[in-house]
Structures are given as structure tokens and as C-alpha cells.
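Here's the structure we're looking at; comments come further down.
Residue numbering restarts at 1 for every chain, and letters A, B, ... go by the order of the sequence lines. Predicted model only: the values in this text are computed from it and were never measured.
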2 protein chains.
Amino acid sequence: MAQSSDVNLLMTRSISPNDLLIRRLQSIHPVSNEEIRALRDLPLEIASLEPGHDIVRMGERPTQCCVVIEGFTCIYKLTSDGGRQIMAIHVPGDIPDIQSLHLGVMDFGLAPISSCTVGYIPHEKIQQVCDTYPRLGVALWRETLIDAAIYRDWMLNIGQREAFGRVAHLVCELMMRLKAVGLTEGSSFKFPVTQANLADAFGISSVHMSRVYGMLAKQGLLLVTRTHITVLDWDELQEAGDFDPTYLHLERNAPA
Amino acid sequence: MAQSSDVNLLMTRSISPNDLLIRRLQSIHPVSNEEIRALRDLPLEIASLEPGHDIVRMGERPTQCCVVIEGFTCIYKLTSDGGRQIMAIHVPGDIPDIQSLHLGVMDFGLAPISSCTVGYIPHEKIQQVCDTYPRLGVALWRETLIDAAIYRDWMLNIGQREAFGRVAHLVCELMMRLKAVGLTEGSSFKFPVTQANLADAFGISSVHMSRVYGMLAKQGLLLVTRTHITVLDWDELQEAGDFDPTYLHLERNAPA
DNA sequence: CGCTAATTTGATGTGATTCAAGTGACGTGG
DNA sequence: CCACGTCACTTGAATCACATCAAATTAGCG
């Protein structure tokens, strides 16, 4: 309900979806007024999606990019024996498949992990904006470099920390990334993602995911429902997740 | 011995080090003759390095990039309780810290994992070449996007496969990347990296690393010495590592 | 109110860790 | 050129974090 009315709002005032993208770019790179105007004029074809249907499939050669407007999407890959690793979670304002601009073949799948709204922009339109405003091209390059920095941090998380720390770490990351686009509500945020999906992001089983959430709750760090996460003790959570936000390369690094 | 004479060779014929970089860029992107000439003219300050001394440290703000000329380097991060995750291994021709061109602060450490030779290029020189030949700028962007694709694949490897498969997978990857710059010798390649370092790349203990190497040898897939890796059965190795080279985005994808 | 999917909980198995004690390879200096 | 010291690697035993299997509970939706 709340979601679909948001979407309607966005569609009636057609500039709003682009504003999220602008907000995101501003959080990592200076953007001039003229550039903002150019971004606002980018045509967005809006779509509503549900989990279970891929946005782009591995092996495809897309001719457009996708901007997350509402909800959460993920990048994933499968092993031949059925394992699924989620290697990125996107929040509104992100461009999950910006790499397709210069890498023809998709080497991963892109899918919603909550009901969500996305906007599509043709590659050529992005190309034009970059040609006209080279600094925007640099901003997008920088965006992809930050994506890579986040990959690196996830690898540290998965390779070196126990499940408890992994979860704490990701919650810290999401808190900061959502705050950067103004989508936190005090110390909590909307996050209607199933534990099975999260388990695939941490490389653990969904059973263990449930146990870890339980431990985090029992220690008074988090409060989790099916739709929201509330951080009860930011300092302890940051400590438990060994979290240092440097890798997010945000201009302003304020916590909750 | 062999190494230092190589270095002398490279230094006397000053174009050689740059040729490796060119070979690497050509393996992922078309490069014109004029662009090759520009790359050849890039000034390279050569240095010989040993493991144990970082090339760039986390938190620094470098003003130059590093090109690997001989040997192997790695990107790593540490957890507060002493764990180290290696999240990338670089082969000659790679530019490990190309991201520093647009991301001021280093969010990782860069270090040799074998004795190696690198060349340094000032950011401004790279910037100039990119301004003059925009297609080279795109090639470098593409380069960083492929780095990211490799991160994604490592995450799948670490998160979803058992140690045995992880090792098989990486050997396949190294084989193909080295072949792309002409550094394989039939079905084997020089790889003087300690098992402790590899263990940190796989997120396992060095003890287990030794056991896994033993299993791979016993099954007749690999032959490993302290300085070289020989692939005895490419098909079986690929199978064991569930290896699909799409993510390397190489122009020509021939196996050993 | 009842159905379905998500989550929780318990019991048991396993891949990998840790600790500890070897063995082997290699460079150095006598 | 051999004895020695160092560092890398190997091997065994005990332990642990997490997986798997199975069943019970809960939350949301029509």
C-alpha cells in the first residue's frame, strides 16, 4: 500500500525518480546545477517488479541501464551445483548494471529481492550526457569504482569474519548507504528482504541466518521484523561488525 | 637470477615494460597504432620489490599508478582481529591501483606476493593520455570494470564453493590471464607464491591449503612446486573449479 | 478463517580450524 | 662444500562453526 502510493507520487511528478539518482551521485561527487538539469531530463521508463523475475539475466547484452527507485535489488551468480551467491545489494538511487555501458555481456544476474520500482535509461542517452558533461562521465566511473570497493569489503566480510560479524557489518553498511539518500527513519529502515536471500549474500544457510539474527537480537544490537531493521546499539553493532565506512567513499560520513 | 637479468633487459630496451601493459589492454579492448605509440611513450619509473613491503598502504592518497612488470602483487584488507583477506592477485600487465585515479583514499593495501618488478606512472600522465585519446580512457574504465567482474567471481568462489573447488577455480583463472599476456609455458606457469598467501586469498587456513593442494595432486589435476604450477588435466580442473571464463571478458578465450 | 511461505528450533554430521610436532628446501657462513 | 638456521610445508588429533535434515511455529494474505 504505502509502496504503490509512493510509486504513483513518483509517476505523477515525473522528476522525482531522477532526483534519487542525483542524490546518490551528489553523495559521492560534486555535481553542478547544469549537470543536475541534464540528469533530470534523462528519460526514465518506470517498471514495478517482484522477486522471482530477473531484471537482466546472465549472458544477455542489455542496451539500457536500470536505476533503482524503490525497494532493493541484488546481483547474483550461481554455481553448477545450485548454490547462489548474492554479491551486491542495491538501494534506491543505485544503477546496478551501469557496467553494461562498457562490458557487453552480463556476467551476473540482476534481480529484485523485494518488490521494487526501477527506471530504465537507454545506453545512448547516458552516453550523450557523458559526452556533453565529461565530469558526469567521471562521476559514473567513480560510481563503478565504489561498487568495486564494496565488493572488496564484502569479500573481507565473507572470507574472514564469522556469520555474526558478517551480518552486523552489512547492517551498518546498509544504514549508511540508505542514510546517504535520505531513506532511514531514525535508527531504523525499511528492509523487506527474506532471510533466505540474506543467507545467500553471506554464504551461510538460511537456518543459520535465523540463528544469527536471534543472537544479534538477544544481545540487544538489532530489532528485526520482516519489513524493517532497527539498530538498537550503533556503537556495539559497528564494533561487532568491525565496520569502517571508508570504503563507501561518501562525502559526509555521519552514522545513524 | 633469471629475474634480475629480465629486469636489466627491460631497462636497457626501455619500451619493453610498456609493451606488457599494451598486451594486456589489447586482450580486452581494441587499441589503434597511434594509441599504442602514446602508451609506449608513457614514462615508467621501474622498481624491484620483495614481499613484506607494501606498494601502497590503506589510507594513503597516491599520485601515481603502478604497473606490474614481473611477478605477482595482491590487494588485501585486514580485520581488527588480525585476519587478512587477499581479494585480488595481479599478473604482469595489470594496473593494480588504477582506481586511485578517481578514488582519492586507498581503501585497501597493495603488496607484492612474490619478488616483483613494477613501474610507476604519474596520474597526470595517464590523465593526459586519456584526454588526448578518449578511447584509451574507455579502455581503462573497462579495465576497472573487469577487475570488478573478477571480484564478483571470487565472491562466488569464497562464498559458495568448498576449498577444493576454490583452488581449482583460481588456477584456471590464473592460467587464462597469464596466457592472455603470453606468460604461460605450455600447461604450466611460474607462480612463486607461498601457500600462506594463497590461504588468505581463499579464506582458509594455511594448514588446510596444504591439504587441498595434496588432494589436487593426488587426483592428478595439478603438479605444484614452490615456484611453478603445472596443470595436468585442464578439463578435470575446469570441472572441479566449476570454471567459466566469461567473467574475464577476454577477446580470445582459448584454454591451455 | 485457512492457506502458504517464512521463520524458528532441535538433533546430528562435516568441512575446516587450531594446536602441536614434525619434515623438507634453501641460503649463509665457516 | 658441508653444517646450520630459517622459513615453508606437511601431518595428526581435538575442536568448532556451520550445514543438513526434519519438524513445529508464526506471519501475512486472500
Salt-bridge present (A:Glu162, A:Arg166; N to O < 4.0 Å): no

Letter per nucleotide, 5' to 3', of nucleotides 5-16 of chain C [B base touched, S only sugar-phosphate touched, - untouched; heavy atoms, 4.0 Å]: -BSBBBB---SS

Would you be so kind as to tabulate the donor-acceptor pairs closer than 3.5 Å made by side chains of residues 203-221 of chain A, with sequence neighbours excluded?
unit_1	atom_1	unit_2	atom_2	d
A:Ser205	OG	A:His208	N	3.2

B:Arg152 side chain to B:Tyr247 side chain, donor-acceptor N/O pair below 3.5 angstrom: no

Side-chain touch B:Ser115/B:Leu49, heavy atoms, less than 4.5 angstrom: no

B:Tyr76-B:Asn197 side chain donor-acceptor pair, cut-off 3.5 Å: no

Length of the line joining B:Lys218:NZ and D:dT11:C1', which is rounded to integer Å: 11 Å

Nearest-angstrom distance from the residue atom CG of B:Leu198 to C1' of D:dT10: 16 Å

